[in-house]
Number of protein chains: 2
Amino acid sequence: MSGARRMTKVRPGESPTERPKAAVMEDVAVLAGVSAMTVSRVLNAPEKVRPETRARVLAAVRELDYRPNSAARVLVTGRSGVLGVVCFDTTLYGPASTLFGIEQAARDSDYLVSIASLPALNRSWITRGIDRLRSQSVDGVIVVAPHESAAEGLRHLPQGLPVVDVGGGTDLLVPVAAVDQRAGAARATRHLLSLGHRTVWHLSGPPNWIDSSGRVAGWRSALEAEGREVPEPLVGDWTAHSGYEIGKRLAREPDVTAVFVANDHMAMGVLRALREAGRRVPEDVSVVGFDDVPEAAYFWPPLTTVRQNFGEVGRQAFQLLLDRIAGVDGKARRMVEPELVVRESTGVSS
Amino acid sequence: MSGARRMTKVRPGESPTERPKAAVMEDVAVLAGVSAMTVSRVLNAPEKVRPETRARVLAAVRELDYRPNSAARVLVTGRSGVLGVVCFDTTLYGPASTLFGIEQAARDSDYLVSIASLPALNRSWITRGIDRLRSQSVDGVIVVAPHESAAEGLRHLPQGLPVVDVGGGTDLLVPVAAVDQRAGAARATRHLLSLGHRTVWHLSGPPNWIDSSGRVAGWRSALEAEGREVPEPLVGDWTAHSGYEIGKRLAREPDVTAVFVANDHMAMGVLRALREAGRRVPEDVSVVGFDDVPEAAYFWPPLTTVRQNFGEVGRQAFQLLLDRIAGVDGKARRMVEPELVVRESTGVSS
DNA sequence: CGAGGATCTGTTAGCGATACCATGAGCTGG
DNA sequence: CCAGCTCATGGTATCGCTAACAGATCCTCG
């Protein structure tokens, strides 16, 4: 019953009962008494097959536990149903959440996600990451590398490969989905000014990260809009450790009454440094973070911060990529609005 | 120069200068003046080709920016160079780090990683996740779903697909890489006992998570080994929020002088609840966490915790999978030892 | 009743690579 | 000087699927 083809495949020395190879379309066709083409149609355009035939085929599919060989399908159609994600450190909260958002959106559309993580962020690695994915015939690539070097890597793309960038700068040639960092930073800064602080200090992320410069820009513009002094920003590396080290410096400056920190983990370090120095939060110093990691509400004190909806960014990026794959071109830009979440680390200036 | 084949492909209405299709092996062969077979050999078994010929072929490859079509290769070899990872929420620190470890190990061996994340943890979804990956011809699958339902899903695996489990239980039919949860929990518990605490309370993770039960078991056995009273464990859901809620209850019990919390984020919630209730850490109550998230050293107070080397687990899992793919069978078990990191949230019993 | 159309199913020809075997060139040694 | 070998290369079939067309069937309506 398994088709003459199968029988003739058995080599002389082999027993016909050895581990049966997975069923292929022809096997299903034989079992259902139709041609392979009809099986193919049942799977790809069921409405073109008489319901009765379709049922017979589906029964055969189930009986043989048949699954189409995607390699063969890709070979002929040129489409794989896989999208690639190029990313840097996926243990960071932001990238991990974005990846998760992309993956969920992809799952809902029956796409699979392949990831190429990079050992370092620079043009050459990004290009290599994209190449690695391309050689697997992905239908498109989403780059999650919010670093200026990414922009470099995105200038010279293989022709014909749809690419979308997440969190990228403004002058890219590809569609971008991103949280509006400037708006979020400005919101945080204005919040602090509205509490009566004379000005707001800033602990930024590492240079050359798009997020860093966006937040610096938003903070600066909010200060300038109200004619406030713009202190020199301090620079951290996203870790709680760097927040702590720099926080110790901040704690020594009696002028400092309000700090906008570029992410929650550094803010955590700052909080600890301030506390150790005997400066109370928020009575003496107000602190605002960025991200709203799930634990932010349980910092001491609960952290006022700017929530980024990473999941939404991932979904938007995926949607942009689908559009790109479908042939919509141009350099669309999908901005996701961040949200200020006021908790207890900010208070009126004393 | 681009080969007759290419020319004949151009349809009547099309201009020959339209976007050129990507070069295929035959194009390279023609340009190098050899057969496609030789090109294939240069790519897969260079030592079988005379250096001089090889150089010509490689030059042609570079000139045409040729990249092999992996679908075609998969179709004939049956191997894809892609491995699948089935996982649940990749925004959690543990899974994200494990995934990262797997991805790095995979990259070093020129494997690509496809992920299938699950909307829920139960047998049916796990099976579907594996199927989704299998239909993409992955060479093997690593399941990162440390939940009892995973064990269910792993009992009925498609024949012939190498599968490795991360963090799984003991009675699985597949190789497992995991951190020794029991050992870590016991170590944490003994640490607290050694500081003079009469006994140790436990805030566990959600039921049916393998990690939860492993940590409960380790904690319990350490207490029993010294003949201590074993309090009823409290149950959280891994979030700082649940740690906080349950911490408030713990704070009301004057008996409680030492708590072993099943992860760092819940521990953070517990710390805050204790502080709000006026109980000092570590003077009144000692707290130990689990994971050693990067921020744990900046909790207030810095958290004593058990470090899990997730990256190493990921590497081990990948290695096990490679072995499986190479045909080594059996149910190997690779345990990674956790490490107690003593900071300031634990102190002698008063 | 039969032409013309709609609907369903089958046939053929690849997609781009590798496995397998065949071939020819060049060398060795008796 | 040629059998017998190695080494480098080429020819051909095939992996499993679908696009494009062709044929078969059934229905509709003048």
Side-chain angles (χ1 to χ4, degrees), chain A residues 2-3 5-6 8-9 11-12 20-58 60-61 64-81 134-137, chain B residues 3 5-6 8-9 11-12 20-57 60-61 64-81 134-137:
Chain A
S2 68
R5 179 185 155 284
R6 181 76 64 74
T8 65
K9 281 268 132 174
R11 304 211 196 112
K21 282 203 168 170
V24 299
M25 194 173 270
E26 182 64 25
D27 301 328
V28 175
V30 170
L31 181 58
V34 298
S35 75
M37 201 51 236
T38 298
V39 176
S40 173
R41 266 190 287 258
V42 167
L43 268 35
N44 298 306
E47 76 284 357
K48 291 189 177 172
V49 176
R50 194 164 10 128
E52 181 186 341
T53 316
R54 194 191 310 160
R56 268 209 329 280
V57 169
L58 288 175
V61 164
L64 297 176
D65 190 31
Y66 167 73
R67 19 206 94 232
N69 177 320
S70 76
R73 179 180 283 174
V74 172
L75 189 56
V76 57
T77 62
R79 315 194 18 163
S80 62
R134 183 157 68 119
S135 76
Q136 289 291 335
S137 318
Chain B
R5 180 185 155 286
R6 181 76 64 74
T8 65
K9 280 269 134 175
R11 304 212 194 109
K21 283 203 167 168
V24 298
M25 194 173 270
E26 182 65 25
D27 300 329
V28 175
V30 169
L31 180 58
V34 297
S35 74
M37 203 48 239
T38 298
V39 177
S40 173
R41 266 189 288 259
V42 168
L43 268 35
N44 298 304
E47 76 284 356
K48 292 190 175 172
V49 176
R50 194 162 12 124
E52 178 187 344
T53 315
R54 195 190 310 161
R56 259 199 349 269
V57 169
V61 163
L64 297 176
D65 189 30
Y66 167 73
R67 19 206 94 232
N69 178 319
S70 75
R73 179 181 281 170
V74 172
L75 189 56
V76 57
T77 63
R79 315 193 18 157
S80 62
R134 183 159 65 122
S135 76
Q136 289 291 337
S137 319

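Proteins come first, then strands; the chains are lettered A, B, ... in the order of their sequence lines, and each starts at number 1. Computed from heavy atoms alone, side chains included, the values below leave out hydrogens, waters and symmetry copies.
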Whole-Å gap separating [atom2] ([N]) and [atom1] ([X]):
X	N	atom1	atom2	result
A:Lys48	C:dC8	NZ	P	11 Å
B:Arg73	C:dG16	CZ	C1'	11 Å
B:Gln136	D:dG16	CD	P	17 Å
B:Arg50	D:dT6	CZ	P	19 Å
A:Met25	D:dT18	CE	C1'	8 Å
A:Arg79	D:dG16	CZ	C1'	19 Å
B:Asn69	D:dG16	CG	P	16 Å
B:Arg56	D:dG10	CZ	P	9 Å

| task | Could you walk me through whether A:Arg73 and A:Asn44 pass the side-chain contact (heavy atoms from CB on, under 4.5 Å) test, one step at a time? | result | CA-CA 11 Å; A:Arg73 179 180 283 174; A:Asn44 298 306; 3.6 Å; yes
Under the side chain to side chain contact (heavy atoms under 4.5 Å, CB included) test, which residues partner [X], sequence neighbours left out?
X	answer
B:Val28	B:Val39, B:Val57, B:Ala60, B:Val61, B:Leu64, B:Tyr66
A:Arg54	A:Val42, A:Pro46, A:Val49, A:Pro51, A:Leu58
A:Ser135	none

| message | Give the residues of residues 35-44 of chain B touching DNA chain C, defined as any heavy atom closer than 4.0 Å, sorted by residue number. | response |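 Output list: B:Met37, B:Ser40, B:Asn44.
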| message | Quick check on DNA chain D: between B:Val76 and B:Glu47, whose nearest nucleotide comes earlier from the 5' end? | response |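 Its nearest nucleotide lies further toward 5', so the answer is B:Glu47.
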| Are B:Thr53 and D:dT9 close enough that a side-chain N or O sits under 4.0 Å from OP1 or OP2? |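 So the side chain of B:Thr53 is within the cut-off, an N or O lying under 4.0 Å from OP1 or OP2 of D:dT9.
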| field | Closest non-hydrogen atom pair, A:Ser80 against A:Ser137 | value |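 In this case the closest contact between A:Ser80 and A:Ser137 is OG-O, 2.7 Å.
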| query | Between B:Ala22 and B:Asp27, which heavy-atom pair has the shortest distance, and what is it? | reply |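 Scanning both residues completely, I find the closest heavy atoms to be O-OD2, 4.4 Å.
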| task | Just compare D:dG16, C:dA17, D:dT18 and give me whichever is closest to any side-chain atom of A:Thr77. | result |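 Nearest to the side chain of A:Thr77 among the choices is D:dT18.
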| request: Apply side-chain hydrogen bond (donor to acceptor under 3.5 Å, both in side chains) to A:Arg67 and list each qualifying residue two or more places apart in sequence or on a separate chain. | output: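 Listed in chain order: A:Asp65, B:Asp131.
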| message | Can you give me the bend angle of the helix from C:dC1-D:dG30 to C:dG30-D:dC1? Use the axis through the first five pairs and the one through the last five, nearest 10 degrees. | response |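 Terminal axis comparison yields 50°.
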| task | Look up atom CD in B:Gln136 and atom CD in A:Gln136, then write down how far apart they are to the nearest 0.5 Å. | result |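 If I round to the nearest 0.5 Å, the distance is 10.0 Å.
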| request: Tell me what A:Val34 touches on the nucleic acid: a base, only sugar-phosphate, or nothing, going by heavy atoms under 4.0 Å. | output: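 The residue A:Val34 makes sugar-phosphate contact but no base contact.
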| message | Applying salt bridge (charged side-chain N to carboxylate O under 4.0 Å, His left out) as the test, list every pair that has at least one member in residues 43-52 of chain A; sequence neighbours left out. | response |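 Every pair satisfying salt bridge (charged side-chain N to carboxylate O under 4.0 Å, His left out) with a residue in residues 43-52 of chain A: A:Arg50-A:Glu52.
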